[in-house]
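Working notes for the structure below.
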Amino acid sequence: MVEITLSDNSVKRFAEHPTGLDVAGSISEGLARDCVAMEMNSELVDLNTRITQDARIRLITVKDPEALEILRHSAAHVMAHAIQNLYPNVKLTIGPVVEEGFYYDIDMEPISKDDFEKIEDEMKKIINSRLPLHRQLVPKDQALKHYEKEPYKLEMISDLEDGTISFYTQGDFTDLCRGPHIPHTGFIKAFKLMKVSGAYWRADPKNPQLQRIYGTAFFDKKDLKNYLTFLEEAQKRNHRKIGTALDLFSFHDEAPGMAFFHAKGMEIWNALLDYWRKEHRAAGYVETKTPILLHRKLWETSGHWENYRENMYTAVIDEEDYAIKPMNCPGGMLLFGSKHHSYKDLPMRVAEIGLVHRHELSGVLSGLFRVRAFHQDDAHIFMMPEQIQDEILGVLRLVERIYSTLGLDFHLELSTRPEKSIGTDAQWETATRGLKSAMDIYGADYKINEGDGAFYGPKIDIHIKDALGRTWQCGTIQLDMNMPERFDLSYVGRDNEKHRPVMIHRVIFGSIERFFGILVEHFAGKFPLWLAPVQMIVLPINDELIPYAEDVKQQLIRAGLRVELDGRTESLNKKIREAQLQQIPLTLTIGAKERESGTLSVRTLDGKVRYGISHERFLTRVREHVDARNLDFDLFGEAPS
RNA sequence: GCCGACGUAGCUCAGCCGGUAGAGCAGCUGAUUCGUAAUCAGCAGGUCCGCGGUUCGAUUCCGCGCGUCGGCUCCA
């Protein structure tokens, strides 16, 4: 007899040794139908595992987050099975689950998306056969024998510890696998192959190149549909498309990986940075600017010449070596070091919108998201060790203000000391404790990435979540115990002795170019009024009204607004359509009525039109809305006046 | 940097098997003067990414280079 404790702490007794399925079945038929696996004494195992002694069981149903991973892992097997059926000579390697699905790396002739349909059809056959997945344990020597013709699998098994090795079989297909798996292939209700690319065996370019085939799978057709809709939505918001359509920026072959910002893109850029400066000033920052081209000596002092040179653009000038800065900190160190500082000066919060260049590999460039030249909204804070906590807290609060203004949620992650690192244990201890206590006081949950810090200090990474729920790491706060040392920075303490300041680097936007791209996608090009490159457009109904419309435009421009006038001899409908497609928040139509009554009719981006708004009310509302940096478009309330 | 796909007018895209290119939008000209998402007509616009090769002939086939995209790799 076995005693089974379920996750609600209820206890069930079984005379025989039941499987997980039996346990589920003893509770309800529906549960048995929805179960895919179970957790037995904190270990995920197959549902058909026999429970031979008293155990604590948690049944995993299709609703549980782990279930999707199990399903996708099984789907990877099904794909490999299908591919092996279609291309008998392929050699399998590994097939893991990834965030949005799964892939399988297979040594085979290159295939393309055109081959997907065939593979998917074969997969459908396997799924419709509802093949059970059986686990069996095999001694290592036998496993090696089984895989005589599969060199990659042999290599993997050889690397495993001695003892028994688990295999999973579905029909005539067997694969080395830790499991667990779904009970039978019929659980895969919806799947799709997504893309194919090259990948090296064990990620080493010296090894053969494999075909990495990506797919995704769900328990429900609806989930797959939602996922595909999400991808479509993301594609619609692609910042490269919107950037072209709204005339914000472009790229040219003459400067790969370096963006050209157009006039409208710069309006957004400037509005964003105006706001950034306002917040930083209020938070006690000063702003500086350092050169982008600096002598080799400086890069030797900072260590970049030795460690980062392959990513730097260099130049020989008057027979001396120079490099274009990939980071702002060395220049910032020079500035700090060029003067004596008292402990009374600290903390010093020194910001710099710095233009940096990094020679990234050509294959990684991607729109504004990955470029070779970009601006960082950098700041270096110099302080005494006992100020760490307060300063980090200050940065976190500033981060929160700025992100929330943009409608972005965020979460924090702390990275601690890596194996290879400089500094003493005591320094790391002080630094890490400072970061932790600041985050504790700040009060947000955070994830800890052990050993993920930079070699020169621990860091807090800030991940934002955009309107589609995608996360991006933008902000980072890094403690640096290296630079002050290398540049021999000091301040004079109360004791009249020299002391080494503690320094942090921090960015909030990170790469402003990349952040700009994220904002384009976050807002889908519909920038809120305070950021919109053209805040409003004036449309005269006919040519006779152009002079009056011009007056209106001038008034608004004098009020500090970004205004355009469409005086083309086109139909009103056409001009409205184009204004809407350009995502201009406010469209002001000027007809004889508006001129006679001295009012405005205002169309907002949601298509609502309000007539008879006085110029005064309009200006007041717009100013309030812009000053408050509101994100909504409904300036004039529900009831059209 | 590696693998794959792609590169045609300002933009979006068509162009089967090799016979020097087409559409819509944008632009320009003219007519229309319009009340909340495309008025009509005409005109103009291209080193078909670049350089080589094959061929009587290359936008089309082949090679190399550049760029873009998707992955890989890298990421102080």
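Naming convention: chains lettered A, B, ... in sequence-line order (proteins, then strands); numbering from 1 in each chain.
As judged by a 4.0 angstrom heavy-atom cut-off over every strand, A/Arg212 is placed among residues touching the sugar-phosphate backbone only. The residue A/Leu365 sits close only to the backbone: its heavy atoms come under 4.0 Å of sugar-phosphate atoms, none of a base. Within 4.0 Å of A/Lys593, counting heavy atoms only, lies at least one base atom of the nucleic acid. Among the heavy atoms of the strands, none lies under 4.0 Å from A/Ala579. Residue contacts shown for A/His304 include a base, since a base heavy atom lies under 4.0 Å away. Within 4.0 Å (heavy atoms only), A/Phe455 reaches at least one base atom of the nucleic acid. Using a 4.0 Å heavy-atom criterion, one finds that A/Arg309 contacts no nucleic acid atom at all. Using a 4.0 Å heavy-atom cutoff across all strands shown, A/Thr587 reaches no nucleic acid atom at all. Among the protein residues, A/Gly367 comes within range of the sugar-phosphate backbone only, with heavy atoms under 4.0 Å from sugar or phosphate atoms but none that close to a base. Across all strands, A/Gly453 comes closer than 4.0 Å to no nucleic acid atom at all (heavy-atom distances).
A/Leu335 CG to A/Met333 CE: the interatomic distance, rounded to the nearest 0.5 Å, is 9.5 Å.
Using a 4.5 Å heavy-atom cutoff, the side chains of A/Val552 and A/His615 are in contact.
Put simply, the side chain of A/Glu360 and the base of B/rG1 share no donor and acceptor less than 3.5 Å apart. No donor-acceptor contact under 3.5 Å links the side chain of A/Ser366 to the base of B/rU68.
Heavy-atom distances to RNA chain B give each of A/Lys195 and A/Leu361 a nearest nucleotide, and the one nearer the 5′ end belongs to A/Leu361. Between A/His359 and A/Thr589, the one whose closest nucleotide on RNA chain B sits nearer the 5' end is A/His359.
Note: CD (A/Glu544) to C1' (B/rG35) measures 14 Å, nearest angstrom. Atom pair A/Leu572:CG and B/rA38:P shows a separation of 10 Å (rounding to whole Å applied).
Sorted by residue number, the list of members of residues 470-486 of chain A with any non-hydrogen atom under 4.0 Å from RNA chain B is empty.
The shortest distance between the side-chain N/O atoms of A/Asn573 and the OP1/OP2 oxygens of B/rU36 is not below 4.0 Å. Side-chain nitrogen and oxygen atoms of A/Ser362 include at least one within less than 4.0 Å of the OP1 or OP2 phosphate oxygen of B/rG1. Contact annotation: A/Ser571 side-chain N/O to B/rU39 OP1/OP2 distance is under 4.0 Å.
Side-chain proximity of A/Ile576 to the nucleotides B/rC34, B/rC75, B/rU36 is greatest for B/rU36. If you check B/rU36, B/rG1, B/rG71 against the side chain of A/Ser197, the one that comes closest is B/rG71. Comparing B/rC34, B/rC74, B/rG70 by their closest approach to the side chain of A/Arg370 singles out B/rC74. Distances from the side chain of A/Glu578 to the nucleotides B/rU36, B/rA26, B/rU33 place B/rA26 closest. Relative to the side chain of A/Gln580, the nucleotides B/rG70, B/rA37, B/rU73 differ in distance, and B/rA37 lies closest. In this structure, the nucleotide among B/rC34, B/rA37, B/rA26 sitting nearest to the side chain of A/Lys574 is B/rA26.
Under the 3.5 Å distance criterion, with hydrogens and angles disregarded, a donor-acceptor pair is assigned to the side chains of A/His239 and A/Glu521. Between the side chains of A/Gln478 and A/Tyr456, a donor-acceptor pair is found at a separation under 3.5 Å. A/Asp606 and A/Thr604 share a side-chain donor-acceptor pair at under 3.5 Å.
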Between protein and nucleotides 4-13 of chain B, what N or O pairs are separated by less than 3.5 Å?
none

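Relative orientation of the A/Phe230 and A/Tyr227 rings is parallel, given thresholds of 30° and 60° on the angle between their planes. Using cut-offs of 30° and 60° for the angle between ring planes, the A/Trp201 and A/Tyr152 rings count as perpendicular.
Listed for the A/Asp105 side chain is no donor-acceptor partner under 3.5 Å among the backbone atoms of A/Thr93. Here the side chain of A/Glu352 pairs a donor or acceptor atom with the backbone of A/Thr290 at under 3.5 angstrom.
Using a 4.0 Å cut-off between charged nitrogen and carboxylate oxygen, A/Lys575 and A/Glu578 do not count as a salt-bridge pair.
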